[in-house]
Every structure is written in C-alpha cells, then in structure tokens.
Amino acid sequence: MKKKPVQYWLMKIEPSDVSIDDLAARPKQSVPWYGVRNYQARNMMRDDMQVGDLVWYYHSSCAEPGIAGLAKISSAPYPDPSQFDAKSKYYDPKSTSDAPRWVMVDVQLVERWQLIPLKWLREQAALADLRLLARGNRLSILPVDAKHWHFVEQRRVLR
DNA sequence: GCCAACGTTGGC
DNA sequence: GCCAACGTTGGC
C-alpha cells in the first residue's frame, strides 16, 4: 500500500475495559483493539490506517468522558481472533478463517495527558464540526481533521 | 428494496 | 436508569 502522510484518529474505549493507566501498564504499552463489530470502523482500520498514525485515546461511557492521552497505530491490520472464539462475546459464527470478517490493529501509548473533558471540547468554537461532537455520533473510531488536531495540540496545555 | 423491530452506544 | 440516535436484521 502506498504510504500516506500521518493521519489522525480518535478511538473510543471504556476505561473500565482498558483505561489509559491500564494501557501504560501493559507490555509494550500496547493493546490489541479487538471487538470492533461495525463495518465503518472496520473499514477505517483495514483500509485507511497506517502504522505511525496518531490517535486520541478517548474514554467513553464513564463518569468523565474525554481524551485521556496520545497513542499511535503500532501494527498493520490483522484478523481479530475473538471472532472465531465461540466463548467470546465478540464471536461471529458467519466469519471464517479463509475470509475473516473483522480485523483489528494494535494501539500503543505515546503520552498520558491530563484528561481533556468532552465538556471542554464542546466549548471550543474551533471544534464545532469535530465529528465526535456531532449529534448522535456512535462510531467508536473516527478520523480527526488536521485543523482540529492542531487546535487541541496548541490549546490543551493552556487550559 | 423497504421498513419495522430490535439491540447497542454513550451522554446525562 | 433514561432515552435519543443509529446500525443491523429479517419478513415481505
């Protein structure tokens, strides 16, 4: 595949599953992003992500939703083994090893941040069209525009 | 191909 | 726990 310039992503995870502190404590500070069962999110991992792309590690479904830190894509896409595990809640009986339906990537910690609350993001006029903030957004993986990325990069430490 | 029913997400 | 929004499923 042709190498693209670095791209930016937001990936949601429940901190009760793997919080940023859990990530920091893991071997290689890396986590396999298993369990995605949404075609749009899968397609982004399979077709668009490149090793080295940067990621906002986002805590969702918790008391303080927000961006918990910076991570990066640390592997090419590969089949998600949980789709073949009949005991897994992510088991997909329609998927075969010849034609795996679900893929995943590895995500590695770059830097823990002081949490950037969702509430703060919503207050920034420059982020008005950030996809995370769009009404009814439920996708667990979202692309982030460079302009939004850089805005947060400049402002997050000045809050 | 339509669309109602259902399950899930995720903020509050 | 509530509920709006959305994706998926399956009957027709």
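To find a chain, count down the sequence lines: A is the first, B the second, and so on, and within it residues start at 1.
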Completion exercise
Atom OH of A/Y58 and atom C1' of B/dG10 are separated, to the nearest Å, by 8 Å
Practice task
Give the rounded distance in Å between these two atoms: OH of A/Y39 and C1' of B/dT8.
Solution key: 15 Å
Practice task
Verify the contact: side-chain N or O of A/K12 to OP1 or OP2 of B/dG10, cut-off strictly under 4.0 Å; return yes or no.
Solution key: yes
Problem - Nearest-angstrom distance from the residue atom CD1 of A/I13 to P of B/dG10 - result: 11 Å
Problem - Side chain A/R159, main chain A/R156, donor-acceptor under 3.5 Å - result: yes
Practice task
Name the nucleic acid region contacted by A/E14, choosing base, sugar-phosphate or nothing; use a 4.0 angstrom heavy-atom cut-off, strictly under.
Solution key: nothing
Practice task
Give the rounded distance in Å between these two atoms: CH2 of A/W102 and C1' of C/dT8.
Solution key: 10 Å
Exercise for the section: Specify the residues of residues 119-144 of chain A, ordered by number, for which at least one heavy atom lies under 4.0 angstrom from an atom of DNA chain C. Expected result: A/R135, A/G136, A/R138
Completion exercise
A/N38 CG to C/dT8 C1', in whole Å, measures 10 Å
Exercise for the section: Look only at the side chain of A/N137 and the backbone of A/L133, and say whether a donor-acceptor pair between them is shorter than 3.5 Å. Expected result: no
Practice task
Could you tell me the separation between the CE atom of A/M11 and the P atom of B/dG10, rounded to a whole number of Å?
Solution key: 13 Å
Practice task
Check side-chain hydrogen bond (donor to acceptor under 3.5 Å, both in side chains) between A/D53 and all other residues, then give those that pass, not counting sequence neighbours.
Solution key: A/Q7, A/W9
Exercise for the section: Round to the nearest Å and state the distance from A/E64 atom CD to B/dC12 atom P. Expected result: 12 Å
Exercise for the section: Verify, without hydrogens or angle tests, whether A/K12 (side chain) and A/L139 (backbone) share a donor-acceptor contact under 3.5 angstrom. Expected result: yes
Problem - A/G35 backbone acceptor or donor facing A/D80 side chain under 3.5 Å - result: yes
Practice task
Only counting residues at least two apart or in another chain, list the ones meeting side chain to side chain contact (heavy atoms under 4.5 Å, CB included) with A/R155.
Solution key: A/W120, A/F151
Practice task
Measure from the side chain of A/S60, starting at C-beta and using heavy atoms only, and say which of B/dG10, C/dT8, C/dG7 lies closest.
Solution key: B/dG10
Problem - Whether A/Q83 side chain and A/Y91 backbone form a donor-acceptor pair below 3.5 Å - result: no
Handout entry: Distance-minimising heavy-atom pair for A/S75 and A/D106
Key = OG-N, 2.8 Å
Between the protein and nucleotides 4-6 of chain B, which nitrogen or oxygen pairs are less than 3.5 angstrom apart?
none

Problem - Polar side-chain atom of A/D22 near backbone of A/S19 as donor-acceptor pair, under 3.5 Å - result: yes
Exercise for the section: Please list all pairs passing the side chain to side chain donor-acceptor pair (under 3.5 Å) test where one or both residues lie in residues 139-154 of chain A, with sequence neighbours left out. Expected result: A/Y8-A/H150, A/D129-A/K147, A/D129-A/H148
Exercise for the section: Look at the side chain of A/Q108 and the backbone N and O of A/V31, then say whether any donor-acceptor pair between them is shorter than 3.5 Å. Expected result: no
Completion exercise
Axis-to-axis angle for the helix from B/dG1-C/dC12 to B/dC12-C/dG1, ends of five pairs each, to 10°, equals 10°
Handout entry: d(NZ, A/K89; C1', B/dT9) in whole Å
Key = 12 Å
